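Throughout, a chain's letter reflects where its sequence line sits, starting with A, and its residues are numbered from 1. Here the structure is a predicted model, which means the values were calculated and not measured. Note: hydrogens, waters and symmetry copies are ignored here, and every other heavy atom, side chains too, is used.
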Protein chains: 2
Amino acid sequence: MRIGELAENCSVTTDTIRFYEKKGLIKSLRNPDNGYRTYSSSDIKKMMFIKHCKQAGFSLEDIRDLLLIWENKMDASCEDVKTLAEERLHKVEVMLSSLQTVHGILHTLVQSCCGGKESAEHCSILSAIEKGE
Amino acid sequence: MRIGELAENCSVTTDTIRFYEKKGLIKSLRNPDNGYRTYSSSDIKKMMFIKHCKQAGFSLEDIRDLLLIWENKMDASCEDVKTLAEERLHKVEVMLSSLQTVHGILHTLVQSCCGGKESAEHCSILSAIEKGE
DNA sequence: CTTGACCTTAGAGTATAGTCCAAGGTTTAT
DNA sequence: ATAAACCTTGGACTATACTCTAAGGTCAAG
Ligand SMILES: [Zn+2]
Ligand SMILES: [Zn+2]
Ligand SMILES: [Zn+2]
Ligand SMILES: [Zn+2]
């Protein structure tokens, strides 16, 4: 399989596959005649694993580590995997928390404003921002 | 006031002030003798306005527009302000939603794994990812 | 009169995850 | 034989909000 066919099979672009290779997520054999990258069906499985990891919110760096474990399950422990997942979960929770704070502020601001067509001189959003909420 | 003093007064770096100037958020007068940026106390108010906007989750581009309105309140309407805030609120809600999805997936994954020190061959996180949740 | 603290500029680097381009070589189909 | 479709590389560009560097000019104190 050449890169275009792998890309087709996995619904990604060839650019993405080359990018993942550069980042150390996938390797490729080369056709010695023309230098073309060559893949097997196990690379489809690998690309699908990567896509599932992304759906779960893992970064490419996380995924590189998860792939190493996945391809060498006997040399890794559940602890290794769980630690990785917990660290990502924690980062997501931190982001979620600050996003929720921001959401609350914006929601309050939006609700306070009449949204009318008259001058913004009396706008409660502007005065709330001015005062720092 | 020179840039260092404004930075000090607002707890930002001089780099940040120059960056905001480049992005069109603040302007500065120049001392004709030496080319140094010169600021007045209204620039402190402006910087504080910017900081409050950031706390509310607005982007620098949003803030540039908000500042234009704030400095010309009579030429703008509540509608203008509210529309800006609603658009940002919507973007935050979209981000929040995808982050919550990811949080749910990660939380389930973490809970499913024993986290033990034995081989990862039976790891439920890996098999869940493999299957695509 | 020199040292240190301040100011100037343009430009590069940080992080993330790609995406696009140019300039060239290869393969496939007509 | 030639055009379309594919492949190669390195490097630039996207978005966001800074942060840092280099190389130089200015200013106040001792
Ligand atoms: Zn109003
Ligand atoms: Zn209003
Ligand atoms: Zn286990
Ligand atoms: Zn496990």
Side-chain angles (χ1 to χ4, degrees), chain A residues 1-39 43 47 49-67 84 87-88 91-92 94-95 98-99 102, chain B residues 1-39 43 47 49-67 84 87-88 91-92 94-95 98-99 102:
Chain A
M1 208 186 319
R2 300 191 308 194
I3 197 171
E5 203 176 342
L6 177 62
E8 178 77 11
N9 279 318
C10 302
S11 307
V12 298
T13 68
T14 56
D15 272 335
T16 299
I17 295 174
R18 289 192 203 96
F19 179 73
Y20 287 173
E21 182 172 322
K22 199 158 56 182
K23 291 284 159 178
L25 275 74
I26 48 170
K27 305 117 234 151
S28 57
L29 296 172
R30 296 302 182 110
N31 178 332
D33 295 339
N34 53 23
Y36 285 10
R37 288 172 179 84
T38 306
Y39 301 97
D43 293 308
M47 279 300 304
F49 186 86
I50 293 172
K51 291 187 83 180
H52 295 328
C53 286
K54 283 181 62 57
Q55 275 172 43
F58 289 106
S59 71
L60 292 191
E61 205 188 332
D62 292 342
I63 297 174
R64 203 191 48 211
D65 298 342
L66 283 170
L67 274 168
L84 247 160
E87 281 168 4
R88 174 54 51 190
K91 283 174 193 148
V92 166
V94 169
M95 286 190 280
S98 65
L99 214 49
V102 150
Chain B
M1 207 187 318
R2 300 191 306 193
I3 198 170
E5 203 176 341
L6 177 62
E8 179 76 10
N9 279 319
C10 302
S11 307
V12 297
T13 68
T14 56
D15 272 334
T16 298
I17 296 174
R18 290 192 202 96
F19 178 72
Y20 286 174
E21 181 174 323
K22 200 158 55 182
K23 292 283 159 179
L25 275 74
I26 49 171
K27 305 118 234 150
S28 57
L29 297 172
R30 295 301 183 110
N31 178 331
D33 295 337
N34 55 22
Y36 286 9
R37 288 172 178 82
T38 307
Y39 301 96
D43 293 308
M47 279 300 303
F49 186 85
I50 293 172
K51 290 186 83 179
H52 295 327
C53 286
K54 283 180 62 59
Q55 275 172 44
F58 289 106
S59 70
L60 293 191
E61 206 188 332
D62 291 342
I63 298 173
R64 204 192 46 211
D65 298 342
L66 283 169
L67 274 168
L84 246 160
E87 281 168 5
R88 175 54 51 191
K91 282 174 192 147
V92 166
V94 168
M95 285 191 281
S98 65
L99 214 49
V102 151

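Atom NZ in B:Lys91 sits about 13 Å away from atom P in D:dA15, given to the nearest Å. The separation between B:Leu29 atom CG and C:dC7 atom C1' is 16 Å, rounded to whole Å. One atom, CZ of A:Phe19, and another, P of D:dG11, lie 16 Å apart when rounded to the nearest Å. One interatomic measurement links the two molecules: CD1 of A:Ile50 to C1' of C:dT16, which rounds to 16 Å at whole-angstrom precision. Rounded to whole angstrom, the span from the CD1 atom of B:Ile17 across to the C1' atom of C:dT8 amounts to 15 Å. Rounding to whole angstrom units, CE of residue B:Met47 and P of D:dA17 are separated by 14 Å. Rounded to a whole Å, the NZ atom of B:Lys22 is 9 Å from the C1' atom of D:dC18. Rounded to an integer number of Å, the gap from B:Lys23 NZ to D:dC18 P is 10 Å.
Heavy atoms of A:Asp15 sit under 4.0 angstrom from at least one base atom.
From A:Tyr20, atom OH reaches atom CE of A:Met47 across 5.5 Å, with rounding to the nearest 0.5 Å.
The shortest distance between the side-chain N/O atoms of B:Arg37 and the OP1/OP2 oxygens of C:dT8 is below 4.0 Å. Put simply, B:Thr16 has no side-chain N or O that comes within less than 4.0 Å of OP1 or OP2 on D:dA17. When the side-chain nitrogen and oxygen atoms of B:Arg18 are compared with OP1 and OP2 of C:dG11, none of them lie within a distance under 4.0 Å. Residue B:Asn34 places no side-chain N or O under 4.0 Å from the OP1 or OP2 atom of D:dG25. A:Lys54 has a side-chain polar atom (N or O) that falls below the 4.0 Å cut-off from OP1 or OP2 of C:dG18.
For B:Thr13, the side-chain atoms get nearest to D:dT19 when compared with the rest of C:dG18, C:dT27, D:dT19. Counting only heavy atoms from C-beta on, A:Thr14 has its side chain closest to D:dC7 among C:dA17, D:dC7, D:dT19. Considering only side-chain atoms of A:Ser59, the nucleotide from C:dA17, D:dT8, C:dC7 that sits closest is C:dA17.
A donor-acceptor distance shorter than 3.5 angstrom exists from the side chain of A:Lys51 to the backbone of A:Cys10, with no hydrogens or angles considered.
For the pair B:Tyr20 and A:Arg30, both in contact range of DNA chain D, the more 5′-proximal nearest nucleotide belongs to A:Arg30.
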Let's go through B:Glu21 and B:Arg30 carefully: what are the C-alpha distance in whole Å and the side-chain angles of both, what is the deciding distance for salt bridge (charged side-chain N to carboxylate O under 4.0 Å, His left out) to 0.1 Å, and is it a yes or a no?
CA-CA 13 Å; B:Glu21 181 174 323; B:Arg30 295 301 183 110; 3.7 Å; yes

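Other residues, nucleotides and ligands contribute at most 12 non-hydrogen atoms within 6.0 Å of the NZ atom of B:Lys23.
Between B:Glu5 and B:Arg37 there is no salt bridge, since none of the side-chain N atoms of the basic residue sits less than 4.0 Å from a carboxylate O of the acidic one.
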